[in-house]
Amino acid sequence: MSKQEYIDQSEEHIYKTYNRFPVVFDHGEGVHLYDTDGTEYLDFTAGIAVMGLGYHDKEYDNALKSQVDKLIHTSNLFYNVPVVEAGERLLKVSQMDKVFFTNSGTEAIEGALKIARRYAYNKDNSHDHEIIAMNHSFHGRSLGALSVTGNNKYQEPFRPLIPGIKFADFNDLESVKTLVNDKTCAIIMETIQGEGGIYPATEEFLKGVRALCDEYDMLLILDEIQCGMGRTGDMFAWQKYGVKPDVMTAAKALGNGVPIGAFLASGKAATAMAPGDHGTTYGGNPFVTAAAAKVLEIFENRDIVNHVNEVGDYLWEKVEELVKKYPVITGHRGVGLIQGLEFSVPVAPVAEKAILEEKLIIISAGTNVIRLVPPLVIEKEHVDDMVVKLEAVLKTLK
Ligand SMILES: *Cc1c(COP(=O)(O)O)cnc(C)c1O
């Protein structure tokens, strides 16, 4: 089939909830993707912060292949071998006490919200608990996660959502304090807002929210689905702040492309739910946990986090040069390999030009921000390549 035939058939068959770029990818190697015509693309999106180890990593691929030959699924009615290693490794790097493996990020959020509800219910058996979430947040598309996603465009057609959710302003502690009452059972936020435009929490805000949660016995839920797994130069973004959550979520880069997420709990939150309270048919099956276990092993053996620090600093310097040169870029935020460039104009045409003309894959985060979330294994030379390609687009904007 020709490229256009694939696109036409896809449009005919696949439920249209996305406007896609007219590109059909065939395979990947390292930090590059190749379309069905063999054209090479430099990938600074990594399947939306998923392909931390890049494409076709031999060690990772071989681990998956050998697990396929052994066992793919058994259900959670039994124990399995890979989940033990994945769990042990994930708890070690996250410093949490318990983990539940899910199939996606949004399901990890569902589990986190259920812990919060359960924890509060265990105390007073009542059903009117509230959760505070943030404006401009993103936590996923299932109804619970959507209910705490502070974006009216995503929520509006699907109301009524779950009750008892209030929205505060990110990085504005006073706005959180005014919403707290004796029914509030949790505060949920991303440590770095991703889809909302790459806004890191300030240290003052995160510490303030932690203190508030301690004072009122509320759970702090940190969504690390996008900013976690080494992307900030720490294994999880909260570790840079020294503020530990009661519950946290991970997904995206955890499986390097295999669908797996997790919610993790520490301390009092780790025992809130009991057998029968939550379940999943696929979650934590041998295939996906073999992938996650191998990802975590590679992270340790190759010191991916340290690499992110080095190349992330280099990316920061190079982007700063662009900021100085092109007034259309009005802001630069982030850390490590999650960086956002704010523009004075909508960035959809910037991304489109970069992808279709320069063969550089970049995506937006909101209307005016270009988000750079490349594979964590990029080298400085790839940063240089990216700058050349991005500059070619920027020149057309002047
Ligand atoms: C992507 C994302 C989610 C949702 O994950 P899915 O796997 O798409 O369900 C939730 N929270 C954050 C911060 C994300 O970036």
Side-chain angles (χ1 to χ4, degrees), residues 15 17-18 20 45-52 94 100-116 131 133-151 153-155 158 161-162 165 167 170-171 186-201 206 220-232 235-238 245 247-264 280 282-284 288 291-292 295 333-340 363-366 369-374 376:
Y15 207 113
T17 64
Y18 280 93
R20 296 175 214 271
T45 298
I48 318 186
V50 168
M51 303 303 292
S94 67
F100 183 106
F101 287 107
T102 66
N103 310 290
S104 65
T106 202
E107 287 167 85
I109 296 293
E110 298 297 323
L113 297 175
K114 281 180 73 174
I115 290 182
I131 293 172
M134 300 297 144
N135 288 315
H136 306 297
S137 60
F138 182 82
H139 298 292
R141 303 297 199 134
S142 53
L143 281 168
L146 184 60
S147 301
V148 291
T149 288
N151 182 328
K153 194 181 109 199
Y154 292 163
Q155 290 189 333
F158 303 104
L161 298 167
I162 69 169
I165 310 294
F167 287 93
F170 193 62
N171 282 338
I187 300 177
I188 181 168
M189 65 165 123
E190 296 148 272
T191 318
I192 298 180
Q193 286 195 334
E195 306 285 328
I198 316 296
Y199 286 94
L206 200 52
L220 173 59
I221 304 170
L222 291 181
D223 181 347
E224 291 261 344
I225 289 169
Q226 186 161 166
C227 61
M229 288 301 294
R231 191 157 283 286
T232 60
M235 196 62 198
F236 291 101
W238 60 261
V247 181
M248 62 165 274
T249 56
K252 293 203 160 92
L254 177 59
N256 201 55
V258 164
I260 181 169
F263 59 87
L264 300 101
T280 167
Y282 294 134
V288 296
V295 166
R333 295 183 294 270
V335 58
L337 290 176
I338 178 166
Q339 297 189 23
I363 41 162
S364 58
V369 176
I370 286 286
R371 155 174 42 165
L372 302 176
V373 284
L376 305 177

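Each ligand, and each atom within it, is numbered from 1 in the order the structure gives. Position 1 is the first residue of the sequence; numbering continues from there.
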Closest contact, heavy atoms only, Arg371 versus Gly194: NH1-C, 4.4 Å

Heavy-atom nearest neighbour in the protein, as seen from atom 11 (N) of ligand 1, with distance rounded to 0.1 Å: Asp223 OD2, 2.7 Å

Part of His139 with heavy atoms under 4.0 Å of ligand 1, whether side chain, backbone, both or neither: backbone

Distance filter under 4.0 Å to Glu190 heavy atoms, resulting ligand 1 atoms: 13 (C)

Closest contact, heavy atoms only, Gly255 versus Ala291: O-CB, 4.1 Å

Residues Ile198, Ile338; criterion side chain to side chain contact (heavy atoms under 4.5 Å, CB included); working and verdict: CA-CA 7 Å; Ile198 316 296; Ile338 178 166; 3.8 Å; yes

Any protein heavy atom nearer than 4.0 Å to atom 8 (O) of ligand 1: no

Any residue meeting salt bridge (Lys or Arg N to Asp or Glu O under 4.0 Å) with Arg20, in chain and number order, not counting sequence neighbours: none

Ligand 1 to Gly105 polar contact by distance, N or O atoms, under 3.5 Å: yes

Reference residue Met51; test side-chain contact (heavy atoms from CB on, under 4.5 Å); the match among Thr45, Leu376, Asn256: Asn256

Close N or O approach (Ala251, ligand 1; < 3.5 Å): no

Any N/O pair Gln226/ligand 1 closer than 3.5 Å: yes

Lys252-ligand 1 polar pair, N/O distance under 3.5 Å: yes

Location of contacts on Thr106 toward ligand 1, heavy atoms closer than 4.0 Å: both

Parallel, tilted or perpendicular, as decided by the 30° and 60° cut-offs, for the rings of Phe263 and Phe100: parallel

Which residues share a side-chain hydrogen bond (donor to acceptor under 3.5 Å, both in side chains) with Ser142, sequence neighbours left out: Thr106, Glu110

